[in-house]
Number of protein chains: 2
Amino acid sequence: MGTIPTMRDVAQRARVSPMTVSRTLRGEGTVGPELAARVLAAVEELGYRHNDWARGLKSGSSSGLVGLVVTNLANPFYAELATGVDRVVSGESLQLLFGSSGDDGGGERRAADGLAARRVEGLVVVPTADDDDFLAQLCHQLPVVTVTSRLADAQADSVTVDDFGGARDASRRLVLEGHERIAFLGLSHASRTGEERERGYLAGQEECGRPRDRARIVTLAADEAEADRQMWRLMSGPEAPTAVFAANNRNTIAACRWVAASGDPLRIIGFDAIRTAGLFRMPISLVEYSAEELGERAGELLLRRIRGGLEEPPRHEAIATQLAHYGAAGTL
Amino acid sequence: MGTIPTMRDVAQRARVSPMTVSRTLRGEGTVGPELAARVLAAVEELGYRHNDWARGLKSGSSSGLVGLVVTNLANPFYAELATGVDRVVSGESLQLLFGSSGDDGGGERRAADGLAARRVEGLVVVPTADDDDFLAQLCHQLPVVTVTSRLADAQADSVTVDDFGGARDASRRLVLEGHERIAFLGLSHASRTGEERERGYLAGQEECGRPRDRARIVTLAADEAEADRQMWRLMSGPEAPTAVFAANNRNTIAACRWVAASGDPLRIIGFDAIRTAGLFRMPISLVEYSAEELGERAGELLLRRIRGGLEEPPRHEAIATQLAHYGAAGTL
DNA sequence: TTGTACGCGTTATCAA
DNA sequence: TTGATAACGCGTACAA
């Protein structure tokens with residue numbers, strides 16, 4: 001009690017050699033029943049537990065670890081992603097090691113370094129900062145899968161959402177519904193996600209013959225309060241939009257908050273799923289996809305590369321989105 | 001490229017001993033500039049990365065790992081809990097290792113075993129099954145903190161929510177609002193959480209002079225569909241309740257779904273916070289607490305025990321709840 | 001300033 | 001069937 005004994009301790013108590021303990025515990029079957037009983041008794045009495053990393057030390061065998069780097073698990077998106085990765089990965093009896101990168105760019109690098117130092121067999125990363133160089137280097141040393149973004153040279157496997165397609169569909173939908181003044185509540189251009197969704201929005205508008213009225217587009221910082229401010233600014237003018245396309249979860253909720261507070265009607269389409277959207281007081285539509293599926297795909301790509309090696313050409317997958325309607329939105 | 005080289009590889013390339021590499025990398029300053037340069041060059045060329053668990057192997061030093069056992073990270077509650085634990089723990093440069101227990105009881109044990117095999121320095125566990133015996137044994141071998149539940153003999157540190165108090169307050173509130181027929185949409189008795197919240201509900205009713213009308217109480221399985229069914233059954237009778245107290249997140253949403261579907265009014269109070277409750281079309285009140293705070297407390301208790309040793313008496317903390325009102329609920 | 005010997009917990013290999 | 005020895009990758013202690 002107090003500390004966990006080693007195999008040597010067990011061996012001493014059972015008056016056998018450590019090898020006999022090892023053989024007994026792994027069920028090699030080449031141990032006499034008498035000694036085996038003594039070993040098992042000693043294990044029980046001492047509360048021995050196997051030491052996995054000492055085992056891994058031997059003959060450079062694998063660590064049995066897979067790393068996951070995200071900014072913030074409290075964000076449901078990352079949490080669901082983690083669940084998906086874990087489901088796939090734990091099926092191969094690999095354990096998930098979490099590296100929180102925080103919001104700053106440097107944290108991402110620190111996190112990945114820390115995981116690599118633990119000799120994870122692979123890494124699932126949601127890149128945030130423009131730290132492509134670092135990841136590009138890392139992916140030559142160990143399997144790396146990027147999620148929601150891909151490296152500039154696409155050297156690492158990646159799983160992304162069809163951000164462009166989903167945004168374009170939503171954008172066109174709003175035009176087809178007859179909205180003349182449509183606002184885009186966008187994201188920082190630092191992220192590929194933000195860029196793609198904005199491109200999709202613009203493409204949708206253009207395809208429907210709308211001029212590039214960039215004045216209506218609002219690009220936001222990561223802040224939630226900022227999203228609220230932009231909504232009020234956007235809606236307070238004389239020619240306020242009749243529809244808003246929000247580029248992510250946070251912005252969608254900000255738009256809904258504006259409707260709830262002002263009481264004015266506003267057609268809202270948002271990117272990212274919201275579990276409780278069906279209970280909202282205002283009808284909304286959402287460009288949805290499964291974060292868990294994203295995680296599963298990432299896990300599968302990672303396993304494939306862990307087995308296949310670093311030399312094979314990188315694979316890139318994209319998962320589709322669905323436009324879902326909640327409340328009375330379907331009838332608009 | 002391909003695999004990560006060892007210190008020995010670097011030493012060979014730089015034509016020095018491994019010790020010189022080690023000293024150079026740790027910046028001991030006792031290495032000649034010439035050799036140091038050779039070492040650094042070799043490190044760069046080979047892409048050497050430090051191996052943390054080989055370091056830890058030496059003289060049984062610490063693993064730098066902390067384990068977290070939860071059933072399902074996709075559940076926002078667990079995800080926020082994980083964030084809280086990670087925040088505290090990563091401050092001490094400890095990394096978080098996940099052990100997903102799945103929903104079956106056996107998984108919990110497997111997960112904890114797997115983490116212990118990795119020699120985590122401590123374990124944060126959200127117990128699900130009645131596997132107290134196992135955990136009670138484990139907590140004599142390494143620091144264990146249980147969350148939302150405490151072991152039968154209270155041998156391990158624990159952080160819980162004031163389930164009883166929060167439920168009692170909500171229960172009384174409904175009576176004070178004048179509701180005569182109040183239903184409790186409860187949880188399985190297998191969990192301490194479910195038991196406590198039901199006890200609190202009953203206590204609140206009794207304190208207000210209400211007889212123990214157990215007929216109204218519905219105990220649910222873990223199923224979401226089951227919650228919906230029970231809501232419909234509950235509300236379809238001739239003397240349907242005018243208020244429902246839902247024992248958790250899932251049940252609260254089921255109650256809201258009933259209101260959304262039927263259009264009938266119903267006073268709802270639910271346990272657990274819901275991020276978007278303010279946007280719901282029906283007013284509700286929630287017994288809230290911060291899952292992240294729960295995680296932080298757990299992390300702090302764990303650190304304290306890691307430092308203080310297994311012999312000190314176990315500590316138990318409970319965090320308070322707040323009753324919050326959303327929509328028009330405050331005016332009811 | 002640099003290198004050698006040893007230990008950490010476990011297992012592969014070979015010897016008894 | 002059992003045990004002794006070496007090895008894994010690194011750090012500590014000591015010797016050169």
Side-chain angles (χ1 to χ4, degrees), chain A residues 3-40 42-43 46-65 113-114 116-121 141-142, chain B residues 3-40 42-43 46-65 113-114 116-121 141-142:
Chain A
T3 70
I4 301 180
T6 74
M7 217 174 233
R8 189 191 240 107
D9 298 326
V10 175
Q12 282 184 351
R13 194 141 176 29
R15 286 162 302 155
V16 298
S17 82
M19 265 323 293
T20 303
V21 178
S22 177
R23 280 195 270 252
T24 306
L25 261 31
R26 276 178 304 151
E28 267 197 22
T30 66
V31 179
E34 207 165 323
L35 288 194
R38 285 225 302 273
V39 166
L40 261 26
V43 163
L46 265 46
Y48 170 82
R49 326 194 119 256
H50 191 81
N51 187 332
D52 254 349
W53 36 291
R55 186 218 296 276
L57 187 59
K58 180 66 190 155
S59 77
S61 98
S62 54
S63 67
L65 259 32
D113 271 332
R118 284 266 145 66
R119 289 298 184 273
V120 291
E121 300 188 32
Q141 305 209 56
L142 57 87
Chain B
T3 71
I4 301 181
T6 75
M7 220 176 231
R8 188 193 238 106
D9 298 327
V10 176
Q12 283 184 350
R13 193 143 179 24
R15 287 163 302 155
V16 297
S17 82
M19 252 345 282
T20 303
V21 178
S22 174
R23 281 196 269 254
T24 307
L25 261 30
R26 276 180 304 153
E28 266 197 24
T30 65
V31 178
E34 207 165 322
L35 287 196
R38 284 225 303 271
V39 167
L40 260 26
V43 163
L46 265 45
Y48 171 80
R49 327 195 117 255
H50 191 79
N51 186 334
D52 253 349
W53 37 291
R55 184 217 299 274
L57 189 59
K58 176 64 194 157
S59 76
S61 98
S62 53
S63 67
L65 258 32
D113 272 331
R118 285 267 144 67
R119 288 299 182 271
V120 291
E121 300 189 33
Q141 306 209 54
L142 56 87

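Quick note on labels: first sequence line is chain A, next is B, and so on, each numbered from 1.
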Rounded to the Å, how far apart are B/R49 CZ and D/dG9 P?
-> 17 Å
Mind calculating the distance between CZ (B/R118) and C1' (C/dG9) to the nearest angstrom?
-> 14 Å
Round to a whole Å and report the spacing from CG of A/N51 to P of D/dG9.
-> 17 Å
Value for CZ (A/R55) from CZ (A/R26), rounded to nearest 0.5 Å, stands at 7.0 Å
Write down the distance between CD (A/Q12) and P (D/dA4), rounded to a whole number of angstrom.
-> 12 Å
B/E28 CD - D/dC14 P separation (whole Å) = 15 Å
State, to 0.1 Å, how close B/Y48 and B/M7 come at their nearest heavy-atom pair, and which atoms those are.
-> CE1-N, 3.5 Å
Under 4.0 Å: is that the gap between some side-chain N or O of A/R119 and OP1 or OP2 of D/dC8?
-> no
Heavy atoms of B/S63 and A/W53 approach each other most closely as CB-CZ2, 4.0 Å
dist A/L25:CG -> A/R49:CZ (nearest 0.5 Å) comes out at 11.5 Å
Any B/S22 side-chain N or O less than 4.0 Å from OP1/OP2 of D/dC10 = no
How long is the span from the CD atom in A/Q141 to the CD1 atom in B/I4, to the nearest 0.5 Å?
-> 5.5 Å
Rounded to whole angstroms, how far apart are CG on A/L57 and C1' on D/dA6?
-> 13 Å
Against the side chain of A/R55, the closest entry in D/dG9, C/dT11, D/dG11 is C/dT11
Nearest 0.5 Å please: distance from the CZ atom of B/R23 over to the CE atom of B/M19.
-> 4.5 Å
Report the distance from atom CG of A/L25 to atom C1' of C/dA12, rounded to the nearest whole Å.
-> 17 Å
Out of C/dT11, C/dT10, D/dG11, which has the shortest distance to the side chain of B/H50?
-> D/dG11
Just how far, in rounded Å, is C1' of D/dG9 from CH2 of B/W53?
-> 8 Å
Phosphate OP1/OP2 of C/dT10 contacted by A/Y48 side-chain N/O (<4.0 Å) = yes
Nearest 0.5 Å please: distance from the CZ atom of B/R119 over to the CG atom of A/N51.
-> 4.0 Å
Polar-atom pairs under 3.5 Å, protein N or O versus N or O of nucleotides 2-5 of chain C: list them with distances, or write none.
{"from": "C/dT2", "atom 1": "OP2", "to": "B/G32", "atom 2": "N", "distance (Å)": "2.4"}
{"from": "C/dG3", "atom 1": "OP2", "to": "B/S17", "atom 2": "N", "distance (Å)": "3.2"}
{"from": "C/dG3", "atom 1": "OP2", "to": "B/S17", "atom 2": "OG", "distance (Å)": "3.3"}
{"from": "C/dG3", "atom 1": "OP2", "to": "B/T20", "atom 2": "OG1", "distance (Å)": "2.7"}
{"from": "C/dG3", "atom 1": "N7", "to": "B/R23", "atom 2": "NH2", "distance (Å)": "2.6"}
{"from": "C/dG3", "atom 1": "O6", "to": "B/R23", "atom 2": "NH1", "distance (Å)": "3.3"}
{"from": "C/dG3", "atom 1": "O6", "to": "B/R23", "atom 2": "NH2", "distance (Å)": "3.4"}

